[in-house]
Visitor: 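This structure is in structure tokens; I'll ask about it shortly.
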Amino acid sequence: MIRFARAFTRLASTTDGKTALDYLRQKISNRILPPQASNQELWYLEGQRALIATMERLIQKGKQP
């Protein structure tokens, strides 16, 4: 697991990596679904948000000695 954490940390330390992560955060984390959204839409969005959260946890873990 630490191998993946370090890889994500290296990715996040580059300009392109930061840009890509910022894009994903903007497109996914800030998305709001309307009240009439289906369960499938809600599950899909939550899965995307979970992926971003996993990536961010890996980045933080990779920064630890």
Side-chain angles (χ1 to χ4, degrees):
M1 187 61 129
I2 194 69
R3 184 180 99 202
F4 298 116
R6 289 183 180 150
F8 273 93
T9 301
R10 283 191 305 273
L11 170 71
S13 69
T14 67
T15 301
D16 286 342
K18 288 176 188 174
T19 300
L21 288 170
D22 285 343
Y23 171 80
L24 290 173
R25 283 186 197 107
Q26 288 176 12
K27 294 301 276 186
I28 295 169
S29 297
N30 297 328
R31 186 170 173 214
I32 299 171
L33 295 177
Q36 66 271 22
S38 69
N39 283 339
Q40 290 84 358
E41 289 173 302
L42 293 168
W43 295 336
Y44 185 74
L45 181 58
E46 186 54 33
Q48 291 177 324
R49 288 180 179 162
L51 177 60
I52 297 297
T54 299
M55 292 168 67
E56 290 174 341
R57 278 193 301 275
L58 284 168
I59 291 165
Q60 291 306 312
K61 183 174 182 145
K63 291 179 180 178
Q64 297 173 356

Visitor: Name all residues meeting the side-chain contact (heavy atoms from CB on, under 4.5 Å) criterion together with Asp22; count only those two or more places apart in sequence or in a different chain, and write none if there are none.
Guide: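 side-chain contact (heavy atoms from CB on, under 4.5 Å) list for Asp22, sorted by chain: Arg25.
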Visitor: Can you name the side-chain contact (heavy atoms from CB on, under 4.5 Å) partners of Arg3, sequence neighbours left out?
Guide: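 For Arg3 there are no side-chain contact (heavy atoms from CB on, under 4.5 Å) partners, ignoring immediate neighbours.
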Visitor: Quick one: closest heavy-atom pair of Ile52 and Ser29, and the distance?
Guide: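 Between these two residues, the closest heavy atoms are CG2-OG, 3.9 Å.
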Visitor: Report whether Leu11 and Ile2 are members of the same hydrophobic cluster (ILVMFWY, side-chain heavy atoms less than 4.5 Å apart, transitive linking).
Guide: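 Cluster IDs for Leu11 and Ile2 differ.
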Visitor: Cut-off 3.5 Å, side chains only: do Arg10 and Ser13 have a donor facing an acceptor?
Guide: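 Side-chain D/A pair, Arg10 to Ser13: absent.
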Visitor: So, taking the atom named CG in Leu24 and the one named CG in Asn30, what distance separates them when rounded to the nearest 0.5 Å?
Guide: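 If we round to the nearest 0.5 Å, Leu24:CG and Asn30:CG are 11.5 Å apart.
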Visitor: Between CZ of Phe8 and CG of Leu21, what distance do you get to the nearest 0.5 Å?
Guide: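 Here the rounded value is 8.5 Å.
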Visitor: If you compare all heavy atoms of Ile28 against all heavy atoms of Leu45, which two are closest, and at what distance to 0.1 Å?
Guide: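 For Ile28 and Leu45, the tightest heavy-atom pair comes out as O-CD1, 3.8 Å.
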Visitor: According to a hydrophobic-cluster definition based on side-chain heavy atoms being under 4.5 Å apart (Ile, Leu, Val, Met, Phe, Trp, Tyr only), do Leu58 and Leu51 belong together?
Guide: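 Yes.
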Visitor: Decide whether Ile59 and Met1 are clustered together by the hydrophobic rule: side chain heavy atoms of Ile, Leu, Val, Met, Phe, Trp, Tyr closer than 4.5 Å, transitively.
Guide: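 Yes, it is one cluster - the side chains of Ile59 and Met1 are joined through contacts under 4.5 Å.
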Visitor: Just so I know, are the side chains of Gln40 and Tyr44 near enough to count as touching, which here means a heavy-atom distance under 4.5 Å?
Guide: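 No, their side chains stay 4.5 Å or more apart.
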Visitor: Consider side chain to side chain contact (heavy atoms under 4.5 Å, CB included). Of Lys61, Gln64, Lys63, Gln60, which one does Thr9 pass it with?
Guide: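 Among Lys61, Gln64, Lys63, Gln60, the one that satisfies the side chain to side chain contact (heavy atoms under 4.5 Å, CB included) with Thr9 is Lys63.
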Visitor: Please confirm whether the backbone N or O of Arg31 pairs with a side-chain atom of Arg49, one donor and one acceptor, at under 3.5 Å?
Guide: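 The answer is yes, because a donor-acceptor pair under 3.5 Å joins these two groups.
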